[in-house]
Chemist: 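One structure follows; several queries about it will come next.
We name chains A, B, ... by the order of the sequence lines, and we start the count at 1 in each one. For clarity, every value in this text was computed on a predicted model and none was experimentally measured.
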2 protein chains.
Amino acid sequence: MHIDGIDKIILKNLMEDARAPILSIAREVGISGAAIHQRLRKLEKSGLIVGSKFVVNPKVLGFKTLAFVGIFLDAASTYKEALKRLKEIDEVIESHYTTGNYAIFVKILCKDNEHLMQVLNKQIQGIKGVSRTETFISLDQQIDRQLKI
Amino acid sequence: MHIDGIDKIILKNLMEDARAPILSIAREVGISGAAIHQRLRKLEKSGLIVGSKFVVNPKVLGFKTLAFVGIFLDAASTYKEALKRLKEIDEVIESHYTTGNYAIFVKILCKDNEHLMQVLNKQIQGIKGVSRTETFISLDQQIDRQLKI
DNA sequence: AATGAAAACCCCTCTTT
DNA sequence: AAAGAGGGGTTTTCATT
């Protein structure tokens, strides 16, 4: 997949502000709005553009504890089953099958530490095959960005 | 901060598709576009809505290796300095100061394992105060979502 | 790959309820 | 908190180059 300088300007703009008017980007790069449209269709068709989202700040709704949890499984064969359970837990916002110590590595968003403890004890630990977990609480997140175009 | 059912519908729509027309949301909830606008201004002023972004799929540009790296620091006092260096590394897309084993925990996006090795050896390990790192490569990410509204 | 034109639609604000 | 109206800009498509 090859993208040129104009594609980069389009992407940079929309990755920063998904509601940036196509026409204002058109004026910035010096081509017509129709051409930007055509390029956006191309970028969507290629799969590079996956979608767009509004970003919310969880803290404003009281979700102040972000944590990473490494999960040990009894047998690797239970991954699929465990994943199905994890998907049902709203607090789990990322899940990865990883190399290294853990079998599964998840990112969890909770209101506070007590809420996190509930999720760990009542939900995660209750999943069949989960033998042990290790938790890292994020005290300060200073970088949060996407691929640099 | 209190949000009602209408706010939730607005947020759910825009969190899924940041370019969803305000007027189509208005029709869905059965109030005027002006009212949606007013609510959006309120949600922005409260800080709940932080912004919007286009989401890109890094794999399409050849970035196929996602990894988490736990970083050990010699002395906690070097956190600020280390963070400054981390911000300069484009491949570092998240950075957290964490409880537990590590001092800093980062998420890294690379083209491949070789690229990851370069970033680890030539960039991360070169940061003053970094004594050791532990790497977890994500082989399969199956959950990636925001706070459930 | 880009253009200009055109119709439909939407954004946004203001005033009023 | 919401409605209605209105001007002006934007989206989107199409034929054309």
Chemist: Below 4.0 Å from chain B heavy atoms, what is the first contacting nucleotide of DNA chain D and what is the last?
Modeler: D:dA1 to D:dT11
Chemist: Applying side-chain contact (heavy atoms from CB on, under 4.5 Å) between B:Ser95 and each of B:Ile89, B:Leu83, B:Ile71, report the one that passes.
Modeler: B:Leu83
Chemist: Consider only side-chain N and O atoms of B:Asn113 and B:Thr65, and report whether a donor and an acceptor are under 3.5 Å apart.
Modeler: yes
Chemist: Using atom CD1 of A:Ile9 as one end and atom P of C:dA2 as the other, report the distance to the nearest whole Å.
Modeler: 12 Å
Chemist: Indicate the atoms forming the closest heavy-atom contact of A:Val55 with B:Gln146, along with that distance.
Modeler: CA-OE1, 3.8 Å
Chemist: Pairing donors with acceptors under 3.5 angstrom, does anything connect the side chains of A:Gln142 and B:His96?
Modeler: no
Chemist: For the helix from C:dA1-D:dT17 to C:dT17-D:dA1, how many degrees between its two end axes (five pairs per end), to the nearest 10°?
Modeler: 40°
Chemist: With a 4.5 Å cut-off on side-chain heavy atoms, are B:Asp7 and B:Arg39 touching?
Modeler: yes
Chemist: What does B:Ala35 touch in the nucleic acid at a heavy-atom separation under 4.0 angstrom: a base, only the sugar-phosphate, or nothing?
Modeler: sugar-phosphate
Chemist: Could you walk me through whether B:Lys53 and A:Asp17 pass the salt bridge (charged side-chain N to carboxylate O under 4.0 Å, His left out) test, one step at a time?
Modeler: CA-CA 5 Å; B:Lys53 24 173 109 136; A:Asp17 174 10; over 6 Å; no
Chemist: Has A:Glu88 got more than 12 heavy atoms of other residues, nucleotides or ligands less than 6.0 Å from its CD?
Modeler: yes
Chemist: Let me know the distance between CD1 of A:Ile6 and P of C:dA1, rounded to the nearest Å.
Modeler: 11 Å
Chemist: Salt bridge between A:Lys42 and A:Glu44, side-chain N to carboxylate O under 4.0 Å?
Modeler: no
Chemist: Aromatic ring centroids of A:Phe105 and B:Phe105 under 6.0 Å?
Modeler: yes
Chemist: Walk along nucleotides 10-17 of chain C from 5' to 3' and tag each nucleotide B, S or - by protein heavy-atom contact under 4.0 Å, base first, then sugar-phosphate.
Modeler: SSBB----
Chemist: Going by side-chain contact (heavy atoms from CB on, under 4.5 Å), A:Glu91 matches just one of A:Val106, A:Ile124, A:Val119, A:Leu86. Which one?
Modeler: A:Val119
